[in-house]
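For reference, the structure is listed below as structure tokens.
Because the structure is predicted, anything quoted here is derived from the model rather than measured. Lettering follows sequence order; numbering is per chain, from 1.
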Amino acid sequence: MAAAPSGDSRGGVPPATAARVAKLRREIEEHNRKYYVDDAPEISDADYDALFQELEALEARYPDLLTPDSPTQKVGGAAKTDFAPVRHAIPMLSIRTETDTVAGAAAKFDARVRRELALDAAAPPLEYLAELKFDGLAISLRYEDGALAVAATRGDGEVGEDVTPNVRTIRSIPRKLRGRNLPPVFEVRGEVYMARRDFAELNARQQAAGGRLYINPRNTAAGAVRQIDPAMTAQRPLKFFAYGIGETRGFARPATQRAVQAALEGFGFPVNADSVVARGPADLAAFYESVALRRSDLPFEIDGVVYKVNSLALQDTLGFVSREPRWAVAHKFPAEEMATEVLGIDVQVGRTGAITPVARLKPVFVGGVTVTNATLHNEDEVRRKDVHIGDTVIVRRAGDVIPEVVRVEMDKRPRGAAAFAMPKRCPECGSAIVRLPDEAVARCSGGLFCPAQRKQALLHFASRRALDIEGLGDKLVEQLVDADLVRTPADIYKLGSADLAALERMAEKSAANVSAAIEKSKTTTLARFIYALGIRHVGETTAKDLARHFGGLDALLAADEAALHDVRDVGPVLAESIARFFAEGHNRDVIAALRKAGVHWLEAAPHRDSAGVLGPLAGLTFVLTGTLPELAREDAKARIEAVGGKVAGSVSKKTSYVVAGADAGSKLAKAVELEIPVLDEAGLLKLISRGSA
DNA sequence: GATCCTCGAGTTCT
DNA sequence: CTCGAGGATC
């Protein structure tokens with residue numbers, strides 16, 4: 001940390017003030033770290049803000065004290081923890097997850113491996129190693145001449161973060177390999193984790209000290225490894241299991257995965273003993289069953305088991321499909337389910353007025369987080385699941401993310417528990433709630449008169465894929481609408497910094513940031529603008545089609561329903577919806593006001609041919625899945641579209657290529673099933689550049 | 001008229 | 001991610 005100006009008084013700064021500024025900076029950095037890295041803030045937001053404001057005030061008063069590295073100068077105040085990047089000599093793989101029944105998953109994997117190896121049914125069963133899948137943080141340890149040289153997180157599989165100083169504090173990781181004639185290079189792959197008991201003790205200490213409790217062992221372990229200060233890591237009871245090797249030099253590779261375990265133990269690494277050599281799929285399924293029964297008795301958390309082909313020679317033969325080995329699968333346990341109580345069923349109002357019932361739940365810890373809400377989608381869904389208020393329900397996190405009510409425990413229903421009744425009037429604006437005969441969704445009829453819909457419309461307008469106004473989030477929109485400072489998107493452009501700064505939780509600095517973001521959003525594209533308007537049934541894709549078809553906004557405004565029909569993928573419903581939107585005087589006024597405020601874009605000549613611009617990838621449809629090493633998903637999409645390709649959301653027979661990155665999910669599986677060619681990022685880039693050459 | 005393919009919209013928590 | 005529904009295709 002760069003010190004505040006030192007001893008020699010300059011600009012008449014009292015030494016006590018300089019010291020106070022330095023202290024504030026230290027404290028704020030520390031709290032940032034607790035908040036962002038430890039995920040365990042020590043002070044309330046209000047106290048934090050007070051420190052921050054004091055520092056800002058002092059810096060404003062004594063500009064000499066202002067240094068570029070002051071926390072006040074960092075965007076968003078976030079202490080981005082930048083560890084040095086480390087490129088893995090051999091990529092750290094992600095293992096494909098099999099989702100099927102117990103017997104099915106093992107059988108599928110076995111069948112796939114046998115097919116790849118061209119084994120016929122008469123061939124003897126294959127040998128596998130079945131291991132536990134630890135729920136921790138994957139780490140690669142590089143030993144040079146026997147000494148730990150680099151420890152890196154997995155990152156995206158290609159490039160991880162250098163966490164060597166932190167990892168050195170973990171006692172079960174040897175600093176030097178055991179034995180003689182050590183290989184010049186030896187990389188170990190394994191998992192850093194926190195044992196259940198250690199986690200509980202850590203939390204007991206936290207509680208005694210009056211600190212915030214940690215959520216779960218995995219996040220705590222991951223947070224601890226990514227500490228800025230290794231001394232903090234040292235205070236966390238972390239452990240390690242080794243399970244594989246990366247690059248090696250001067251090391252005779254063993255013949256089997258089992259022998260790799262033995263070699264790792266020989267070098268002094270802890271290897272979990274709970275693994276078996278299995279013959280054929282039935283043995284794998286039996287291992288899974290046995291582990292599932294013992295899961296809660298294990299001293300650490302696991303989220304499934306891993307099956308690997310035991311022979312390393314066969315592993316080499318099998319190779320990879322875009323960064324996923326064909327010789328291993330993870331077989332995860334089904335999502336954890338917990339019982340809890342339905343405290344009530346509220347409704348939420350969406351941008352289109354859709355009324356969504358949401359179950360308010362008694363907080364329950366499931367799948368690693370505390371869940372308090374779960375969507376019930378719509379009236380029919382509530383009826384189908386037959387959820388009443390006061391019911392005990394089983395909850396899980398679908399796809400390991402979004403909480404869902406699985407079912408009701410009928411025998412626990414209290415007498416007289418009330419069923420859900422769709423309200424007649426919108427809770428936000430009092431307008432009638434209407435459900436059209438063939439629709440599943442009930443809607444508030446208030447339109448933009450309804451504050452909830454107005455807020456959602458504004459959020460949509462400012463969202464990343466629309467005009468992308470950074471910093472204009474739900475809290476801010478809430479205040480702006482409630483204070484009646486903003487009614488339509490056009491009003492956003494009338495806000496001055498002073499208006500913003502007058503709001504709660506808005507210091508001058510943040511207000512200036514938002515102002516700048518608003519200014520920046522004025523330069524946009526026609527497609528984004530159309531999308532931002534929030535026309536029913538017009539999403540990102542349709543907005544692009546409209547922009548391309550008409551070229552300019554005036555042509556679109558002038559189009560009647562028949563003209564709209566000519567746009568690709570626009571049928572009667574969309575044509576009517578679009579025409580009705582633009583026929584509305586209010587909407588035309590808002591559009592005019594936005595243009596007047598300076599929102600602008602480059603207009604192009606209309607492309608009446610619905611095939612769109614021609615490019616080397618014209619006519620090809622791509623589906624993206626997983627995380628690519630370099631390109632963000634949006635970038636990849638833009639690159640493909642720039643040369644005429646199309647990016648779709650799901651895999652079908654019409655898909656030309658699937659581009660798969662790390663942790664690819666069901667879409668990759670579907671691609672393999674439909675025998676659609678799979679590319680990695682490099683393959684995609686090659687295709688783009690070769691095509692355009 | 002049935003079926004398949006997409007797109008749109010809504011959603012949780014950190 | 002998942003569901004519902006619009007549009008295209010056979």
Side-chain angles (χ1 to χ4, degrees), chain A residues 35-41 78 99 212 214-216 218-220 222-223 335 346-361 363-381 384 395-405 435-443 452-453 456-457 459-460 463 465-466 473-474 530-531 534-546 564-578 610 621-623 625-626 646-656 663-667 670 674:
Chain A
Y35 185 91
Y36 292 105
V37 185
D38 297 6
D39 191 24
T99 47
R212 173 89 72 98
Y214 295 100
I215 311 240
N216 60 44
R218 187 177 61 128
N219 288 358
T220 312
D346 291 350
V347 297
Q348 280 175 6
V349 186
R351 171 169 65 87
T352 63
I355 303 287
T356 310
V358 180
R360 304 287 173 212
L361 304 169
V364 59
F365 192 72
V366 53
V369 298
T370 303
V371 167
T372 50
N373 300 313
T375 178
L376 293 167
H377 297 111
N378 56 56
E379 213 177 345
D380 293 345
E381 177 86 358
R384 217 170 9 243
V395 176
R396 74 167 167 221
R397 296 216 296 155
D400 273 343
V401 189
I402 293 167
E404 98 182 311
V405 171
R435 182 172 167 192
L436 296 177
D438 315 327
E439 291 202 340
V441 186
R443 297 196 140 84
Q453 288 186 56
Q456 295 295 326
L459 278 173
H460 174 79
S463 67
R465 298 165 136 92
D474 52 356
I530 295 170
Y531 174 65
I535 306 165
R536 267 291 278 294
H537 301 124
V538 177
E540 218 185 346
T541 308
T542 311
K544 272 180 198 159
D545 286 343
L546 288 169
L564 288 162
H565 262 290
D566 292 343
V567 183
R568 137 167 94 158
D569 289 339
V570 172
V573 175
L574 266 90
E576 206 224 314
S577 168
I578 298 164
S610 54
T621 303
F622 294 76
V623 173
T625 177
K646 196 165 169 285
V647 176
S650 57
V651 180
S652 71
K653 279 183 292 186
K654 293 193 177 166
T655 308
S656 321
D663 290 322
S666 58
K667 288 187 227 174
K670 186 96 184 273
L674 296 176

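Computed from coordinates, the H537(A) NE2 to dA9(B) P distance equals 7 Å when rounded to whole Å. Per the geometry, CD1 belonging to I355(A) stands 15 Å off C1' belonging to dT11(B), to the nearest Å. As rounded to whole Å, 18 Å separates atom P of dG10(B) from atom CG of D346(A). Rounded to whole Å, the distance from CZ on R568(A) to C1' on dC5(B) is 14 Å. Whole-Å rounding puts the R465(A) CZ to dG8(B) C1' distance at 11 Å. Following rounding to the nearest Å, L574(A) (CG) and dG7(C) (P) show an atom-to-atom distance of 5 Å. Taking atom CG on D569(A) and atom C1' on dT9(C), their separation rounds to 12 Å, with Å as the unit. As a whole-Å value, the separation of K544(A) NZ from dG8(B) C1' is 14 Å.
For T542(A), the side-chain atoms get nearest to dG8(B) when compared with the rest of dG4(C), dG8(B), dT11(B). Taking the side chain of V573(A) as heavy atoms from C-beta on, and the options dA9(B), dG8(B), dG6(C), the nearest nucleotide is dG6(C). For R384(A), counting side-chain heavy atoms from C-beta on, the closest listed nucleotide (dT11(B), dG10(B), dG4(C)) is dG4(C). For V358(A), the side-chain atoms get nearest to dT12(B) when compared with the rest of dG6(C), dG10(B), dT12(B). Picking from dT11(B), dG7(C), dA9(B) the nucleotide with the shortest atom distance to the side chain of T352(A) gives dA9(B). In this structure, of dC7(B), dG7(C), dG10(B), it is dC7(B) that holds the atom nearest to the side chain of T541(A). With distances taken from any side-chain atom of V371(A) to the nucleotides dG10(B), dC13(B), dG4(C), the minimum falls on dC13(B).
The side chain of R536(A) contributes no N or O atom lying less than 4.0 Å from OP1 or OP2 of dG8(B). Taking only side-chain nitrogens and oxygens, Q348(A) never comes nearer than 4.0 Å to OP1 or OP2 of dG10(B). Side-chain nitrogen and oxygen atoms of T372(A) include none within less than 4.0 Å of the OP1 or OP2 phosphate oxygen of dT12(B). In this model, the phosphate group of dT11(B) is not approached by any side-chain N or O of N373(A) to a distance below 4.0 Å at OP1 or OP2.
By the side chain to side chain contact (heavy atoms under 4.5 Å, CB included) test, P363(A) is found to be paired with T370(A), T372(A), residues two or more places apart in sequence or in another chain being considered. With sequence neighbours left out, the ring-ring contact (aromatic ring centres under 6.0 Å, His included) criterion links H537(A) to no other residue.
No engagement by V441(A) is indicated, since no non-hydrogen atom pair under 4.0 Å with the nucleic acid exists. Residue contacts for E381(A): at a heavy-atom cut-off of 4.0 Å it reaches no nucleic acid atom on any strand shown.
When the nearest nucleotides of DNA chain B are assigned to T370(A) and G353(A) by heavy-atom distance, the more 5′-ward of the two goes with G353(A).
Residues T352(A) and R443(A) have side chains in contact (heavy-atom distance under 4.5 Å, counting atoms from C-beta outward).
The closest donor-acceptor contact from the side chain of S577(A) to the backbone of R536(A) lies under 3.5 Å.
Heavy atoms only, all atoms of each residue included: E379(A) and P357(A) are closest at N-CG, 4.3 Å.
The structure places OH of Y531(A) at 9.5 Å from OG1 of T541(A), a figure rounded to the nearest 0.5 Å.
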